[in-house]
Amino acid sequence: MKNNEVADLLMQMSLLSEAAGEDRFKAIAYRKAATTVRDLSEDIENVWRENRLLDLPNIGEGIAKKIDEYLRTGNATFIDKLKARVPEGALELMNVPGVGPRTAYKLAKQYGVKSVEELERDLEAGKLTDELGKQASTRLLEEVRKAKYAEKRMLLPEAEAIADEITRYMEHNNIEVITAGSLRRGKSTVGDLDFLSTTSGSGDVLVRFPGVDTVIEHGPKRTSVRLSIGTQVDLRVVEPSHLGAAMMYFTGSKDHNIALRNLAIEKKMKLNEYGLFDSSGNRLAGRSEEEVFSALGLSYIPPELRENRGEVEAAQSNNIPKLLEMKDIRGDLQVHSTWSDGEADIRTMAEAARRLGYEYLGLTDHSYSMRVANGLSEDRFRNQWKEIEMLNDELAPFRILKGIELEVRGDGSLDFERKFLEEFDYVGASIHQGYRQSPDKLTRRALEAISNPSVDILFHPTNRLIGRREGHQLDIPKLIKAAKDNGKILEIDGQPDRLDLDEVWARRAWEEGVTLAVDSDAHSPDQLEFTKYGVLVARRGWLTSKAVLNSQSLKDVLKNFK
DNA sequence: GCCGTTTTCGGCCCGACTGTTTTCAGTCG
């Protein structure tokens, strides 16, 4: 499946177009097309084969032709052609904060600056001072020096920890802040941290936060700082009466905001961070988000859905689903103990699960070919079951389920025979091994596992590790169809660096009638809470409690496993 | 480059902050 490849290509076109000094709306058009392809929940090659490229939003004749060339020939001559018009170095220079397309183009074209390194040298030597001005070049030099430590997106727990620290610091100074941005939307990775405050002067407090390295800008309404760990923090100060509109603006996403503002324009109104206004400038709403949505003729859109993926249309027809909540979760179906690679014994894990209010815990230690994880043989599983049965007598009505994380081996075979597998309460299959195999082979293995009568759930289907390893390039629509045809469950793994399936595919799966499981994949009692990150993915995938197996009672879950 | 319940041409979200900036372009969120 080449969705990500095509999206990357279009994104590259967007950047090149900027760096070539073209009309900026061209770059915006490429970026929008890239988003369309990235958010697509079907195989772009299918769309192309069926001549439906032009049916996709933001893809017209020009871009369709380029996608066609790439998928037909594997070449992208349009990239090379555009590259030839970009002055050498301009693309790289745009990575420096404060350097946009205009400055990059000028630096590269007029002053022959060919790289960030050269820019640093020239600035230090004072070569560009006359052209750029003294303050600008000093400031730029600072940015260049930091640009080397290119900031990376954070996983959710890290982002939450930093946001908490800042929130506590502000509170300590009697300032209440509200978290907005991608963290509020529950996005799986977070770049910047965004806060709102209704206390004037709170920017002055933020710039004194001990973790601040640089003040990027500091005005009465907006303050931006960079922490020494590289994270950018933005604070917006607003009047209490503007808070709702400001929260919407600062929560984003950008594309969602644009969609809302365009809707306002259609209705002869104007939406900005101060409120919703009619054509004569009278304010119609703004104090709360609910008020603004309502005045726009929309039902409330939860932050997790604000990605311009159809939520505005759904809110217009009152079709926003009641999203899954943490309190709907009644058990966990992927958990490990010291029997394989977990850090705590079964009793400790079970007691922790009970404290979370769960009714059941699916214990899924690894099968034996997962040697690095101390995978269990048939004999060891039988011994484990004795311990489980003893604990179940003691902890009833709480129930520990006899599960397994069954390895799908490199050749597609399973670790155990069907007869033995039938003795488990349920079987989850995983593909860890052989991830360098071709996409076709990996897809075949996954399909075999899913259609195997012994298997109930496919755990973390793509096996991605965010920031470290891209997932298997599986044909996921095929996988979803196989799950549907065989009545199997697909998992959303809650480990913060997995979150697999992701929201786009989880949504597609449920639309196709496939039930999902939202698990923690915990290897310690604390990690049972990772389920909350899985719930965020589920919410971002438009899932209701009905879509999720482990929001059902123990009895119903067991019925599902037959 | 895309798009159209006023448009096939002329728009494309809207506003804060910075700078050698006295009316605005560039950048960013």
Side-chain angles (χ1 to χ4, degrees), chain A residues 10-11 13-14 16-18 20-36 53-67 78 82 93-107 129-140 142-143 180-182 184-185 190-196 203 207 215-226 232-238 242 245-277 296 308 312:
Chain A
L10 293 172
M11 206 50 216
M13 283 301 281
S14 173
L16 285 167
S17 170
E18 281 191 318
E22 291 190 321
D23 177 34
R24 68 190 182 95
F25 291 107
K26 256 194 195 185
I28 291 173
Y30 280 119
R31 185 185 63 78
K32 282 173 154 174
T35 307
T36 296
L53 284 175
L54 289 175
D55 296 346
L56 298 178
N58 306 312
I59 292 180
E61 299 281 351
I63 290 180
K65 247 178 90 179
K66 293 181 172 68
I67 296 177
F78 47 93
L82 188 51
L93 294 175
M94 285 196 305
N95 288 327
V96 179
V99 178
R102 300 280 164 198
T103 314
Y105 186 81
K106 200 166 88 177
L107 283 170
T129 313
D130 288 346
E131 287 83 358
L132 298 171
K134 185 150 172 43
Q135 275 191 48
S137 51
T138 308
R139 192 184 170 79
L140 202 52
E142 272 176 35
E143 291 294 352
S182 52
R184 179 164 182 241
R185 300 201 309 279
V190 175
D192 302 341
L193 295 176
D194 302 301
F195 294 97
L196 275 161
V207 301
V215 177
I216 300 168
E217 62 182 32
H218 180 33
K221 294 179 177 171
R222 201 171 75 195
T223 299
S224 284
V225 299
R226 185 154 30 246
Q232 182 171 329
V233 179
D234 301 318
L235 174 72
R236 185 72 196 243
V237 183
V238 299
H242 301 151
M247 279 173 71
M248 288 170 69
Y249 158 71
F250 225 36
T251 298
S253 66
K254 180 183 172 135
D255 289 340
H256 169 87
N257 284 347
I258 291 174
L260 286 188
R261 287 172 180 201
N262 282 327
L263 177 67
I265 292 169
E266 269 175 43
K267 293 178 178 278
K268 310 270 184 231
M269 298 189 268
K270 183 174 79 166
L271 177 63
N272 59 27
E273 58 265 51
Y274 299 105
L276 182 68
F277 302 85
L296 277 169
N308 194 29
V312 178

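By convention in this document, chain letters (A, B, ...) are assigned in the order of the sequence lines, proteins followed by strands, and residues within each chain are numbered from 1.
- Nearest-nucleotide mapping onto DNA chain B: of A/L56 and A/K32, the residue sitting toward the 5' end is A/L56.
- Taking atom P in both B/dT20 and B/dT27, the straight-line distance is 13 Å, to the nearest Å.
- Looking at every heavy atom in both residues, A/F277 comes nearest to A/N272 through CE1-OD1, 3.3 Å.
- With sequence neighbours excluded, the residues that form a side chain to side chain contact (heavy atoms under 4.5 Å, CB included) with A/T103 are A/V99, A/L107.
- Straight-line distance between the C1' atoms of B/dT21 and B/dG26: roughly 12 Å, to the nearest whole Å.
- Comparing B/dC13 with B/dC28, their C1' atoms sit 14 Å apart, to the nearest whole Å.
- Contacts of A/K221 with the nucleic acid, taken as non-hydrogen atoms under 4.0 Å apart, involve only primed sugar atoms and P, OP1 or OP2.
- Contacts of A/A34 classified as side chain to side chain contact (heavy atoms under 4.5 Å, CB included), with partners at least two apart in sequence or in another chain: A/L10, A/M11.
- Across all strands shown, A/I216 has no heavy atoms under 4.0 Å from either base or sugar-phosphate atoms.
- Counting non-hydrogen atoms under 4.0 angstrom, A/T103 reaches the backbone sugars and phosphates but no base.
- Using a 4.0 Å cut-off on heavy atoms, the residues of residues 258-266 of chain A that approach DNA chain B are A/I258, A/R261, A/N262, A/I265, listed by number.
- Taking every nucleotide of DNA chain B with any atom under 4.0 Å from a non-hydrogen atom of chain A, the first and last of them, 5' to 3', are B/dG1 to B/dG29.
- Residue A/R24 is out of contact with every strand shown, counting any heavy-atom pair closer than 4.0 Å.
- Rounded to the nearest 0.5 angstrom, A/I59 CD1 and A/I67 CD1 are separated by 4.0 Å.
- If you check every strand for non-hydrogen atoms under 4.0 Å, A/K65 touches nothing.
- For A/Y274, the ring pair (Phe, Tyr, Trp, His ring centres under 6.0 Å) partners two or more places apart in sequence, or in a different chain, are A/H242.
- Residue A/N257 is classed as having no contact, given no heavy-atom separation below 4.0 Å to the nucleic acid.
- If you check every strand for non-hydrogen atoms under 4.0 Å, A/Y249 touches a base.
- B/dT27 and B/dA16 make up a base pair, with Watson-Crick or G-U wobble contacts both under 3.5 Å.
- Glycosidic conformation of B/dT7 is syn; the angle stays within 90° of 0.
- When the P atom is compared between B/dG15 and B/dG10, the two are found 25 Å apart, to the nearest whole Å.
- Rounded to whole Å, the separation between the C1' atoms of B/dT23 and B/dG19 comes to 13 Å.
- A/T36 contributes a side-chain N or O that, together with a main-chain N or O of A/P57, makes up a donor-acceptor pair within less than 3.5 Å.
- Listed by chain and number, the residues in a side chain to side chain contact (heavy atoms under 4.5 Å, CB included) with A/R139 are A/I216 (sequence neighbours excluded).
- Using a 4.0 Å heavy-atom distance criterion, A/Q135 is classed as a base contact.
- The existence of a salt bridge linking A/E143 and A/R226 is confirmed by a sub-4.0 Å separation between a basic side-chain nitrogen and an acidic carboxylate oxygen.
- Looking at heavy atoms from C-beta onward, A/H256 lies out of side-chain contact with A/R185 at the 4.5 angstrom threshold.
- A 4.5 Å side-chain heavy-atom check between A/K32 and A/I63 finds every atom pair outside the cut-off.
- At the heavy-atom level, A/R102 lies under 4.0 Å from the strands shown only through sugar-phosphate atoms.
- Residue-to-nucleotide proximity on DNA chain B shows that, of A/G62 and A/D234, the 5′-proximal contact is made by A/G62.
- Comparing B/dC2 with B/dT6, their P atoms are spaced 23 Å from each other, to the whole Å.
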